[in-house]
Amino acid sequence: MRNARFAVVFLMATLSSTATAQSVAPGFSSLPKNATIALMPADIELYSISAGGVPEPKADWTEAAQKNFKAALDRKKSSLGVTLIDVPEAALDELTELNALHTAVARAIVLHHLGPAHLPTKEGKMDWSLGEAAGAARKATGADYALYTWIRDGYATAERMAAMAAVAVLTLGRAVPGGGQQSAYASLVDLRTGQVVWFNRIQRASGDLREADRAEETLDALLAKFPGAK
C-alpha cells in the first residue's frame, strides 16, 4: 500500500510539470504602436487517450475548445495594446496554402530551434520565414502581422490513469509516459517580410480547453510574453 501511494503521488507530480520556450527573431523586440495583427484561425484538436495509450480524436470536445478559445481571445484583444482583426471569411480559402506553409515552418522551429536537431547554419538564431507568400495574408487582411495559434490537448481516460498507476506501482514510482498532455504554440509573423518574429511554445500535462475559464488560462500561458507595442 505504501508503494502504491508513493507511485500515485510521483505520477501526479510528473503530470504537473510544464515546459515553456520563447524565442524572438534577431533585431526584433516589440511591435510598433499602430501595428495591426490578423488573427489566423486557431488550429485546435482535442482527443482522449485510451487504456492502451491510443489517442482518439473527440469532435465535440474540439468544437467546444474552439468556441472557448475564440471567446478568450476576443476578451484578450483590448489588453494587448495592438489592433487585432479577424480574417474575413471570404479570404479563408485563399489562405489555406499559406497556413499550411506556416505549419511546416512552425514544426521546423520546434524541431530545429527549440528541439535537439539544431541547424549549424542558423547559429542558434530564430531565423525563419514564410517568404513572399506571406504577402497574400497582408493583401487579404490589410494587417501588418499575423498571429497563429496551434493546440493539441490530450486527456487520459480513467482506465488509462489506472493502468499508469498500476505500472508505477510495479516499477516503484518510475515515470510513466502516455498520460494527458497539452502541446501548443503561438507564432507572430511579419506579413511585410514573411519573417517569424516571435514564437512561444508550451508543453505540459495540465490545461483544459473544454471549459471556458481554463481555455482562458491556456491563452494567457501562450501569450504571457507577447511582445507588446512601444
Go through the structure and list residues passing side-chain contact (heavy atoms from CB on, under 4.5 Å) with Arg152, not counting sequence neighbours.
Asp43, Glu45, Tyr47, Trp150
Candidate pair Tyr185 and Ile202, rule side chain to side chain contact (heavy atoms under 4.5 Å, CB included), full reasoning
CA-CA 6 Å; Tyr185 68 70; Ile202 58 175; over 6 Å; no
same_hphob_cluster(Val189, Met126) at 4.5 Å side-chain heavy-atom cutoff:
yes
Heavy-atom closest pair, residues Val196 and Ala25:
O-CB, 3.5 Å
Do you see a donor-acceptor pair shorter than 3.5 Å between the side chains of Gln195 and Asp190?
no
Can you list everything that forms a side-chain contact (heavy atoms from CB on, under 4.5 Å) with Ala134? Sequence neighbours excluded, please.
Leu130, Leu191
The reported gap from CG in Asp153 to CZ in Arg210 (rounded to nearest 0.5 angstrom) is 8.0 Å
Between Glu216 and Lys70, is there a salt bridge with N-O shorter than 4.0 Å?
no
With rounding to the nearest 0.5 angstrom, report the CG to CG distance, Leu209 to Leu46.
6.0 Å
In terms of heavy-atom contacts, does CD of Glu97 have more than 12 from other residues, nucleotides or ligands at under 6.0 Å?
no
Nearest-0.5 Å distance that lies between atom OG in Ser23 and atom CZ in Arg201
11.0 Å
One should read off an interatomic distance between Leu147 CG and Leu223 CG, to the nearest 0.5 angstrom, of 6.0 Å
Pairs where residues 104-136 contributes a residue and the test ring pair (Phe, Tyr, Trp, His ring centres under 6.0 Å) is met, not counting sequence neighbours
none
same_hphob_cluster(Leu101, Val197) at 4.5 Å side-chain heavy-atom cutoff
no
Criterion side chain to side chain contact (heavy atoms under 4.5 Å, CB included) on Ile37 and Leu80, from CA distance to verdict:
CA-CA 11 Å; Ile37 302 175; Leu80 293 178; over 6 Å; no
Of all the heavy-atom pairs spanning Ala140 and Pro88, show the shortest one and how long it is.
O-CG, 3.9 Å
When you measure from the side chain of Thr36 to the backbone N and O of Asp144, does any donor-acceptor pair fall under 3.5 Å?
no
Minimum heavy-atom separation for Val87 and Leu39, please, with both atom names.
CG2-O, 3.5 Å
Checking Asp220 against Lys76 for the side chain to side chain contact (heavy atoms under 4.5 Å, CB included) test, could you report, in this order, the C-alpha distance in whole Å, the side-chain angles of both residues, the deciding distance, and whether it holds?
CA-CA 9 Å; Asp220 288 342; Lys76 189 81 172 178; 2.9 Å; yes
Is Val110 reachable from Ile44 through a run of hydrophobic residues whose side-chain heavy atoms are each under 4.5 Å from the next?
no
Show the nearest heavy-atom pair for residues Thr149 and Ala42, with the distance to one decimal.
OG1-CB, 3.3 Å
Shared ILVMFWY cluster between Tyr148 and Leu222, side chains joined below 4.5 angstrom?
no
N/O donor to acceptor pairs below 3.5 angstrom from side-chain atoms of residues 102-109, sequence neighbours left out:
residue: His102; atom: NE2; partner: Ser187; partner atom: OG; Å: 2.9
residue: Thr103; atom: OG1; partner: Asn99; partner atom: O; Å: 3.1

Using a distance-only test with no angle check, is there a side-chain donor-acceptor pair under 3.5 angstrom linking Gln203 and Ser183?
yes
Taking all atoms of both residues into account, what is the closest heavy-atom pair of Ser129 and Gly131, and its distance?
OG-N, 2.8 Å
Side-chain donor or acceptor of Lys122 paired with backbone N/O of Asp127 under 3.5 Å
yes
Given 3.5 Å as the limit, does a donor-acceptor pair link the side chain of Arg138 with the main chain of Ala143, or not?
yes
Is the shortest side-chain heavy-atom distance between Lys77 and Asp74 below 4.5 Å?
yes
Is it the case that Thr218 and Gln182 place a side-chain donor and acceptor less than 3.5 Å from each other?
yes
In Å, rounded to the nearest 0.5 Å, how long is the span from OG1 of Thr141 to CG of Leu95?
7.5 Å
Among residues two or more places apart or on two chains, list those pairs meeting ring pair (Phe, Tyr, Trp, His ring centres under 6.0 Å) that have a residue in residues 207-230.
Trp198-Phe226
Joint cluster assignment, Leu219 & Ile151, ILVMFWY side-chain distance < 4.5 Å
yes
Do the side chains of Pro227 and Tyr145 get nearer than 4.5 Å, heavy atoms only?
no
Could you measure the distance from the CG atom of Asn68 to the CG atom of Asp213? Nearest 0.5 Å is fine.
9.0 Å
For Thr193, which residues count as a side chain to side chain donor-acceptor pair (under 3.5 Å) partner, sequence neighbours excluded?
none
Take Leu92 and Glu89 through the side chain to side chain contact (heavy atoms under 4.5 Å, CB included) test and state the conclusion after the steps.
CA-CA 5 Å; Leu92 293 177; Glu89 189 170 347; 4.2 Å; yes
